[in-house]
Amino acid sequence: MSAQLPLLVQDSGVPFDLFIQALTEQLDKAQASMAIKARVGRMPMTFAVKDVSIDLRAFVQMIDDEVYLRPAGPGESDASTVKLALTTITKAMVEENAVDFKAEDPKFSLKEALGDGISDDEKRRLERIGVRTITQLNELKATAGTDVIARLSRMPVNRLQQAMMRAAAPRVTRVDRNGQGERVHLNAPGLRAGRLPLVRAAGTAVPVVSASDGEIVLAPMAMQLGCEAEVDFGDGDFARVQLTEGQLGRWEAAP
């Protein structure tokens with residue numbers, strides 16, 4: 001190992017994902033070199049690597065939920081054998097199967113929504129089952145339920161319920177202006193089908209233009225913009241949110 005690497009990496013090896021990335025990066029370079037050779041040399045036929053198999057003698061251990069590999073040295077006979085088989089994959093297959101890393105507004109990120117009520121370890125547990133955003137958490141709750149998510153993520157049900165309540169609080173996604181004045185768009189997973197919420201700000205009612213598919217559109221007066229609004233979803237579900245773009249709301253007990 002290089003003397004410039006952190007001591008932990010020198011002792012434990014390298015994270016498994018970095019090992020795979022380095023290996024595939026070198027294969028990419030080999031492929032690029034062969035492509036250049038074929039184009040420059042104008043060869044009608046050449047060779048390519050389709051499959052790669054590796055039997056790696058290494059020591060494997062877990063550190064902070066990450067798998068580390070350290071290749072065995074001379075005389076280290078008690079190492080494990082890690083068998084790797086790499087094959088080719090097309091760009092279309094990568095795009096079809098890869099995780100969607102579409103950027104989410106950091107103000108609406110999972111970390112922001114969950115706050116300090118959930119530890120980094122519990123956040124990683126959610127990420128391991130594919131939950132990386134507020135939207136994904138709410139969608140999974142709607143289709144699978146809290147108990148299933150708790151079991152899959154190995155999280156206590158009560159802590160998960162608290163997190164999901166925060167994630168489902170209304171948030172202002174955008175504020176725009178048209179010929180009739182400002183329109184405030186709220187993302188509201190707690191919205192029930194066929195029910196208009198009651199919204200008040202600055203002591204007066206805020207007109208609700210529409211409410212469907214988890215979104216509420218408000219038409220506040222100028223004096224209500226920037227004020228904290230009370231949103232009554234009915235059945236005791238009551239939230240507060242500031243009528244400013246990017247604001248996250250919070251649930252409260254019914255007044």
Side-chain angles (χ1 to χ4, degrees), residues 1-41 43 45-114 118-137 139-140 149 152-155 163:
M1 291 289 172
S2 169
Q4 296 180 344
L5 291 175
L7 181 59
L8 177 63
V9 174
Q10 293 184 53
D11 293 340
S12 305
V14 296
F16 185 68
D17 59 322
L18 294 184
F19 171 76
I20 294 296
Q21 289 173 21
L23 180 59
T24 54
E25 181 180 356
Q26 288 189 304
L27 290 174
D28 286 341
K29 290 179 180 178
Q31 176 179 288
S33 297
M34 288 186 289
I36 292 174
K37 180 178 68 174
R39 290 169 183 166
V40 174
M43 300 176 351
M45 183 169 58
T46 186
F47 298 93
V49 177
K50 180 180 180 182
D51 299 308
V52 176
S53 296
I54 300 175
D55 287 356
L56 176 68
R57 298 281 295 169
F59 294 92
V60 183
Q61 61 178 309
M62 291 284 295
I63 301 176
D64 294 334
D65 289 338
E66 290 196 17
V67 178
Y68 277 72
L69 291 180
R70 181 177 69 80
E76 294 182 316
S77 58
D78 56 344
S80 302
T81 299
V82 180
K83 294 182 178 291
L84 299 173
L86 286 78
T87 188
T88 55
I89 184 171
T90 65
K91 179 181 177 182
M93 294 168 67
V94 171
E95 293 175 347
E96 180 180 353
N97 293 282
V99 175
D100 184 6
F101 287 106
K102 181 180 179 182
E104 185 176 47
D105 191 321
K107 295 185 292 295
F108 302 148
S109 68
L110 191 60
K111 180 178 180 180
E112 180 72 20
L114 301 183
I118 286 226
S119 66
D120 289 340
D121 176 65
E122 289 168 329
K123 180 174 175 288
R124 285 195 298 269
R125 293 186 185 191
L126 288 173
E127 291 175 345
R128 281 200 294 269
I129 63 171
V131 177
R132 295 176 174 83
T133 67
I134 294 175
T135 301
Q136 290 172 334
L137 183 60
E139 288 177 350
L140 189 56
I149 301 174
L152 293 177
S153 63
R154 293 182 172 87
M155 287 181 59

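- When all heavy atoms of Ala72 and Ala79 are compared, the closest pair comes out as CB-CB, 3.6 Å.
- Remark: Gln31 pairs with no residue by the side chain to side chain contact (heavy atoms under 4.5 Å, CB included) rule, at least two apart or across chains.
- Shown here are the side chain to side chain contact (heavy atoms under 4.5 Å, CB included) partners of Asp17, two or more places apart in sequence or in another chain: Pro15, Gln21.
- By the 4.5 Å heavy-atom criterion applied to side chains, Leu140 and Ile129 are counted as neighbours.
- In this structure, the side chain to side chain contact (heavy atoms under 4.5 Å, CB included) partners of Leu86, at least two apart in sequence or on a different chain, are Leu23, Thr24, Leu27, Val52, Leu84.
- One finds a salt bridge joining Arg125 and Asp121 here, because a Lys/Arg side-chain nitrogen approaches an Asp/Glu carboxylate oxygen to under 4.0 Å.
- Taking CD1 of Ile63 as the reference point, atom CD of Glu66 lies at 9.0 Å (rounded to 0.5 Å).
- Interatomic distance, CD of Gln26 versus NZ of Lys29, reported as 6.5 Å (0.5 Å rounding).
- Scored by the side chain to side chain contact (heavy atoms under 4.5 Å, CB included) test, Val60 finds Val67, Leu69, Val82 as partners (sequence neighbours excluded).
- Residue pairs that meet the side-chain hydrogen bond (donor to acceptor under 3.5 Å, both in side chains) test with at least one member in residues 75-87, sequence neighbours left out, are Asp51-Thr87, Asp55-Lys83, Arg57-Thr81, Arg70-Glu76.
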